[in-house]
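A quick write-up on the structure given underneath.
Just so it is clear: chains get the letters A, B, ... in the order the sequence lines come, proteins before strands, and each one is counted from 1.
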Protein chains: 2
Amino acid sequence: MLKITRKVEYALIALRHMQQASEHSVSSTTEIATQYGIPQHLLAKILQQMARDNLIQALKGPAGGYKIKADLDKISLKDFFEKLEGPLGLMDCYFNTDCLQMKSCNILTPLQRINQNMRDMFSKTTLMEITQ
Amino acid sequence: MLKITRKVEYALIALRHMQQASEHSVSSTTEIATQYGIPQHLLAKILQQMARDNLIQALKGPAGGYKIKADLDKISLKDFFEKLEGPLGLMDCYFNTDCLQMKSCNILTPLQRINQNMRDMFSKTTLMEITQ
DNA sequence: ACTATATACGACTATTTTAATCGTATATAA
DNA sequence: TTATATACGATTAAAATAGTCGTATATAGT
């Protein structure tokens, strides 16, 4: 429990890789997948999603690939996680209000406080802090 | 991702229930399961584990049940989570050193810092803050 | 124009983790 | 003795995560 997914891991690895590549060069899926031992097709899907989210820019064709588009200093880890994996919460009822136990639940309020702490923590960290 | 398990949820609900019951009374599995809509057998296993961990005390036989044994003020949420679910880390490689990508991983160090932040956060919160 | 190499993307399958169930044994108050 | 409770291992079910496959499209280089 309380783990990040491989999807997020792979996305971070790729971002850091691009961040460290020279300014105007692009990194291809194959290059990144090979270097870090990531399943190529899986990484491809993740990079495509990041491109849709405008985190990175895609360049098609031979000698194509991706490069960083967004300002990583302005994107929090919380926003990044939510872009890739959806709402961030310790429990589903933070967003989803259809828990049948809602009425009788006796730990909702205290857990929401903890939850907010976690969200704050990830809000205060920028992507740049991971990738630089 | 980054969710607590139902097991932990149920454990917290049960603890809070016992905490709010009168000092010398015991709460049975059936009573708690019924009140909060928790599968009885599942809750039973969880309470048994908490009893083994000396968080609560079991009383067998008719009119039996459980009551709080530990000092909830002295137990951090981190320790509680680890008792129930094992090592607490954003990624497995925090404890488990058999990740094949370890050598090439370019985000290990920054992620470990984030991980430590999370552990610190749960270390600073006591069980009492959830159950009182 | 052709070809090789790259991204784009939906559908599918496999694996792992989490959640829940079942059966049986043991303790004990009434 | 009986009813009600905990104890616990084995098994199954469900959900979330991880990975694969096939096909389409774009484009640089020749």
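- Between dT6(D) and T29(B), a contact under 4.0 Å exists linking OP1 or OP2 to a side-chain N or O.
- With rounding to whole Å, K3(A) atom NZ is found 13 Å from dT17(D) atom P.
- Judged purely by atom type and a 3.5 angstrom limit, K3(B) uses its side chain to pair as donor or acceptor with the backbone of G89(A).
- The separation between I46(A) atom CD1 and dT17(D) atom P is 13 Å, rounded to whole Å.
- Taking 4.0 angstrom as the limit, R6(A) places none of its side-chain polar atoms (N or O) nearer than this to OP1 or OP2 of dT16(C).
- Residue whose closest nucleotide on DNA chain D sits further toward the 5' end, between T30(B) and Q48(B): T30(B).
- Both M1(A) and A63(B) sit near DNA chain C, but only M1(A) has its closest nucleotide nearer the 5' end.
- No donor-acceptor contact under 3.5 angstrom links the side chains of K83(B) and Q49(B), judged on distance only.
- Closest to the P62(B) side chain, of the nucleotides dT28(C), dT6(D), dG19(D), is dT28(C).
- Distance L42(A) CG to dT15(C) C1': 13 Å, rounded to the nearest Å.
- Here dA5(D) is the nucleotide among dA7(D), dA6(C), dA5(D) with the atom lying nearest to any side-chain atom of S28(B).
- Closest to the side chain of T5(B), out of dG19(D), dA29(C), dT18(C), is dT18(C).
- The OG1 atom of T131(A) lies 7.5 Å from the CZ atom of R16(A); values are rounded to the nearest 0.5 Å.
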Any chance you could lay out the side chain to side chain donor-acceptor pair (under 3.5 Å) test for E85(A) and T5(A), step after step, and finish with the verdict? CA-CA 9 Å; E85(A) 299 283 1; T5(A) 59; 2.5 Å; yes
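- The separation between K67(A) atom NZ and dT7(C) atom C1' is 16 Å, rounded to whole Å.
- Comparing H41(A) and L2(A) by the nucleotide of DNA chain C whose heavy atom lies nearest to each, the residue mapping closer to the 5' end is H41(A).
- Here the P atom of nucleotide dT3(C) and the NZ atom of K60(A) are 20 Å apart, to the nearest Å.
- The distance from atom NZ of K7(A) to atom P of dA18(D) is 9 Å, rounded to the nearest whole Å.
- In this structure, the CG atom of L43(A) is 13 Å from the P atom of dA6(C), given to the nearest Å.
- In this structure, the side chain of D71(A) engages the main chain of D73(A) through a donor-acceptor pair within 3.5 Å.
- Comparing dA7(D), dA11(C), dC8(D) by their nearest atom to the side chain of Y66(B) picks out dA7(D).
- The phosphate of dA19(C) (OP1 or OP2) has no side-chain N or O of Y10(B) nearer than 4.0 angstrom.
- Following rounding to the nearest Å, Q101(A) (CD) and dA19(C) (P) show an atom-to-atom distance of 12 Å.
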